[in-house]
S.K.: 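Please see the structure below; I have some questions.
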Amino acid sequence: MFVNLRRIRKCQCLQLMTTCLVLSVVMVCWDDSVVSHVKAYSYRYLVNRYTFINKSFTIPRQEAHMFSNHRYLLNHPYKCSGEKNVLLLLLVKSSPENIERRRAIRSTWGNETYIHQTLGVTVKVVFVLGLPKQQEAAHTRRSRGGTQHNLVREDRLNGDLVQQDFVDSFHNLTLKLLLQFRWAHAYCPHARFLMTSDDDIFVHMPNLVRYLQDIDRKGVTDFWIGRVHRGAPPIRRKESKYYVPYEMYPWLAYPDYTAGAGYVVSRDVANKIYQASLTLNASLYIDDVFMGICANAMGVLPQEHVYFSGEGKAPYHLCIYDKMMTSHGHVADIYELWKAATNPEVKRVTSGLFGRLYCTAVKLTLLCRPYFLNSYPCKAALL
Ligand SMILES: *[C@@H]1O[C@H](CO)[C@@H](O)[C@H](O)[C@H]1NC(C)=O
Ligand SMILES: *[C@@H]1O[C@H](CO)[C@@H](O)[C@H](O)[C@H]1NC(C)=O
Ligand SMILES: *[C@@H]1O[C@H](CO)[C@@H](O)[C@H](O)[C@H]1NC(C)=O
Ligand SMILES: *[C@@H]1O[C@H](CO)[C@@H](O)[C@H](O)[C@H]1NC(C)=O
């Protein structure tokens with residue numbers, strides 16, 4: 001009897017060990033994206049908890065300074081400093097040629113005058129840019145000069161462009177990130193919140209302002225909110241836009257970070273990120289990931305807000321407008337959407353018990369589909 005029991009246990013133990021072995025072999029060998037996500041997600045715990053990333057990215061200050069000591073070609077040192085009570089500094093990552101997008105933002109969600117008059121708060125909107133890209137070899141001088149000339153004129157009219165002398169390209173986005181935190185530190189350290197966004201997103205400014213006022217009243221610190229990527233694995237396919245070589249980032253997962261399309265941090269976090277950037281190697285060119293590395297070095301973790309979008313566009317509906325914060329991928333429809341989303345009709349339809357019930361039903365049908373929508377998550381329907 002005794003012997004039997006032991007034999008059974010031994011058997012089970014062997015079985016368990018074999019299973020584990022097979023599983024780990026499968027995990028290591030089968031480099032499918034699903035598995036890499038599973039691996040990364042478990043690995044994430046380590047990355048977020050320990051400081052090896054911090055250690056390996058730390059370089060001497062003089063060397064870190066090389067990444068951020070670009071010259072300002074356009075700047076407005078007093079845009080923010082003249083005003084004591086700034087709720088939000090909004091830095092929009094734009095590119096020299098996106099003049100139409102900037103125009104649309106200035107007359108919709110980024111209209112400082114409208115925000116001040118209608119919402120009663122001060123929001124400062126600044127577009128951050130690098131140098132126009134070199135065009136075809138033959139026209140190099142002329143076309144770059146032309147775009148730059150137009151920028152100077154645009155800036156004279158609007159007074160809201162901040163430009164440094166690095167080439168404005170995808171692989172220089174981290175330099176643009178450094179520019180933003182450096183500018184905020186130098187010229188707008190008193191803004192209570194800092195937001196960074198793409199120039200093709202829609203921000204529901206009234207909703208965002210109300211939300212930030214609420215947070216501000218509670219006096220929160222270590223606040224960092226957006227669409228959170230948890231345990232995202234680095235992409236090792238060379239064809240991908242987001243390809244990152246092992247030498248640049250050797251680990252299986254990035255620290256938690258928020259999608260670069262749009263996120264908000266509190267004043268203290270903005271300062272911490274700036275401080276971190278003074279001693280970190282900024283050669284990792286994916287800007288939102290690098291922001292995650294800076295935050296990791298300072299022990300700051302992001303929080304998810306279901307109405308911040310990552311890649312996807314929000315569905316067009318009154319019930320969505322009532323709650324939305326940001327939505328990604330809007331260019332041509334931005335005027336239209338701004339008008340619809342700020343219409344007083346939204347509040348009328350969505351308030352009261354009946355309005356809330358109706359909207360929950362609508363949002364369930366819009367957001368909870370069996371296939372991947374890449375919009376707001378299903379649980380947003382219940383809020
Ligand atoms: C911004 O809003 C103000 C007040 O509503 C308006 O007068 C002004 O024309 C708007 N600016 C733009 C660029 O649309
Ligand atoms: C980034 O900017 C630097 C400085 O202007 C430039 O030398 C470099 O080529 C740019 N990198 C890319 C990928 O455009
Ligand atoms: C920063 O990291 C890159 C690899 O991504 C490396 O080639 C470079 O030497 C590092 N810079 C410093 C100053 O250590
Ligand atoms: C990251 O490294 C710096 C300098 O080595 C250190 O001061 C800081 O406390 C570290 N951060 C964390 C979260 O351990």
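As the structure lists them, so they are numbered: ligands from 1, and atoms in each ligand from 1.
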S.K.: Can you find a protein heavy atom closer to atom 7 (O) of ligand 1 than 4.0 Å?
M.R.: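 Under the 4.0 Å cut-off, atom 7 (O) of ligand 1 has no protein heavy-atom neighbours at all.
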
S.K.: Residue-level breakdown please: for D165 versus ligand 2, do any non-hydrogen atoms fall below 4.0 Å on the side chain, on the backbone, on both, or on neither?
M.R.: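 Backbone only.
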
S.K.: In ligand 2, which numbered atoms sit nearer than 4.0 Å to a non-hydrogen atom of V167?
M.R.: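 What qualifies from ligand 2 is 2 (O), 5 (O).
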
S.K.: Judging by distance only, is a nitrogen or oxygen of F166 under 3.5 angstrom from one on ligand 2?
M.R.: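 No; the residue has no nitrogen or oxygen that sits under 3.5 Å from a nitrogen or oxygen of the ligand.
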
S.K.: For atom 1 (C) of ligand 3, which protein heavy atom lies nearest, and how many Å away is it?
M.R.: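 Looking at atom 1 (C) of ligand 3, the protein heavy atom closest to it is N281 ND2, 1.4 Å.
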
S.K.: Within ligand 3, which atoms have a heavy atom of E63 less than 4.0 Å away?
M.R.: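 Matching atoms, with element in brackets: 12 (C), 13 (C).
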
S.K.: Run the numbers on R102 and D160 for salt bridge (Lys or Arg N to Asp or Glu O under 4.0 Å), then give the verdict.
M.R.: CA-CA 10 Å; R102 290 192 289 277; D160 57 3; over 6 Å; no

S.K.: Flag the pair K124 / L90 as yes when at least one side-chain heavy-atom distance between them is below 4.5 Å, and no otherwise.
M.R.: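 A side-chain contact is absent here, since even the closest heavy-atom pair is not under 4.5 Å.
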
S.K.: What protein heavy atom lies closest to atom 13 (C) of ligand 1? Include the residue and the distance to one decimal.
M.R.: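 So the nearest neighbour among protein heavy atoms is S107 CB, 3.7 Å.
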
S.K.: Do F202 and Y321 have ring centroids that are under 6.0 Å from one another?
M.R.: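 They do not qualify: ring centres at least 6.0 Å apart.
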
S.K.: Among all protein heavy atoms, pick out the one at the shortest distance from atom 3 (C) of ligand 2; state its residue, atom name and that distance to 0.1 Å.
M.R.: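 Nearest protein contact, heavy atoms only, for atom 3 (C) of ligand 2 is N172 ND2, 3.7 Å.
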
S.K.: F193 ring centre to R267 NZ or CZ under 6.0 Å, with the angle to the axis within 45°?
M.R.: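 The answer is no, since R267 fails at least one limit relative to F193.
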
S.K.: Do any non-hydrogen protein atoms sit less than 4.0 Å from atom 11 (N) of ligand 2?
M.R.: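 Given the 4.0 Å cut-off, atom 11 (N) of ligand 2 counts as touching protein heavy atoms.
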
S.K.: Using side chain to side chain contact (heavy atoms under 4.5 Å, CB included), reason through Y187 and Y78 one step at a time and then give a plain yes or no.
M.R.: CA-CA 7 Å; Y187 306 119; Y78 306 113; over 6 Å; no

S.K.: What is the closest protein heavy atom to atom 4 (C) of ligand 1, and at what distance does it sit?
M.R.: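 Closest protein heavy atom to atom 4 (C) of ligand 1: Q117 OE1, 3.5 Å.
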
S.K.: Numbering the atoms of ligand 3 from 1, which are under 4.0 Å from a heavy atom of I59?
M.R.: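 Going through ligand 3 atom by atom, the ones under 4.0 Å from I59 are 12 (C), 13 (C), 14 (O).
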
S.K.: Identify, by atom number and element, the atoms of ligand 2 in contact range of H171, meaning under 4.0 Å from any of its heavy atoms.
M.R.: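 Going through ligand 2 atom by atom, the ones under 4.0 Å from H171 are 13 (C).
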
S.K.: Taking the six-membered ring for Trp and the single ring otherwise, decide whether the centroids of W251 and Y249 are under 6.0 Å apart.
M.R.: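 Yes, they do, as the ring centres are separated by less than 6.0 Å.
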
S.K.: Could you tell me whether some N/O pair between S169 and ligand 2 is separated by less than 3.5 angstrom?
M.R.: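 Yes; the residue has a nitrogen or oxygen that sits under 3.5 Å from a nitrogen or oxygen of the ligand.
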
S.K.: Within ligand 3, which atoms have a heavy atom of M248 less than 4.0 Å away?
M.R.: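 The atoms of ligand 3 under 4.0 Å from a heavy atom of M248 are 5 (O).
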
S.K.: Measure the CG-OG distance between L280 and S68 for me, rounded to the nearest 0.5 Å.
M.R.: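 The OG atom of S68 is 11.5 Å from CG of L280, to the nearest 0.5 Å.
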
S.K.: Just to confirm my output: which protein heavy-atom neighbour is closest to atom 2 (O) of ligand 1, and how far is it?
M.R.: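 Answer, as residue, atom name and distance: N111 ND2, 2.3 Å.
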
S.K.: Given the rule in the side chain to side chain contact (heavy atoms under 4.5 Å, CB included) test, do L177 and Y285 qualify, once you have shown the distances and angles that lead to the verdict?
M.R.: CA-CA 10 Å; L177 181 89; Y285 41 69; over 6 Å; no

S.K.: I need the nearest protein heavy-atom contact for atom 5 (O) of ligand 3: residue, atom name and distance, please.
M.R.: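 Looking only at protein heavy atoms, the one closest to atom 5 (O) of ligand 3 is S283 OG, 3.2 Å.
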
S.K.: Evaluate whether atom CD of E345 has more than 12 neighbouring non-hydrogen atoms of other residues, nucleotides or ligands under 6.0 angstrom away.
M.R.: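 Enclosed.
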
S.K.: Do other residues, nucleotides or ligands put more than 12 heavy atoms under 6.0 Å from the NZ atom of K347?
M.R.: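 Atom NZ in K347 is crowded, with more than 12 foreign heavy atoms closer than 6.0 Å.
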
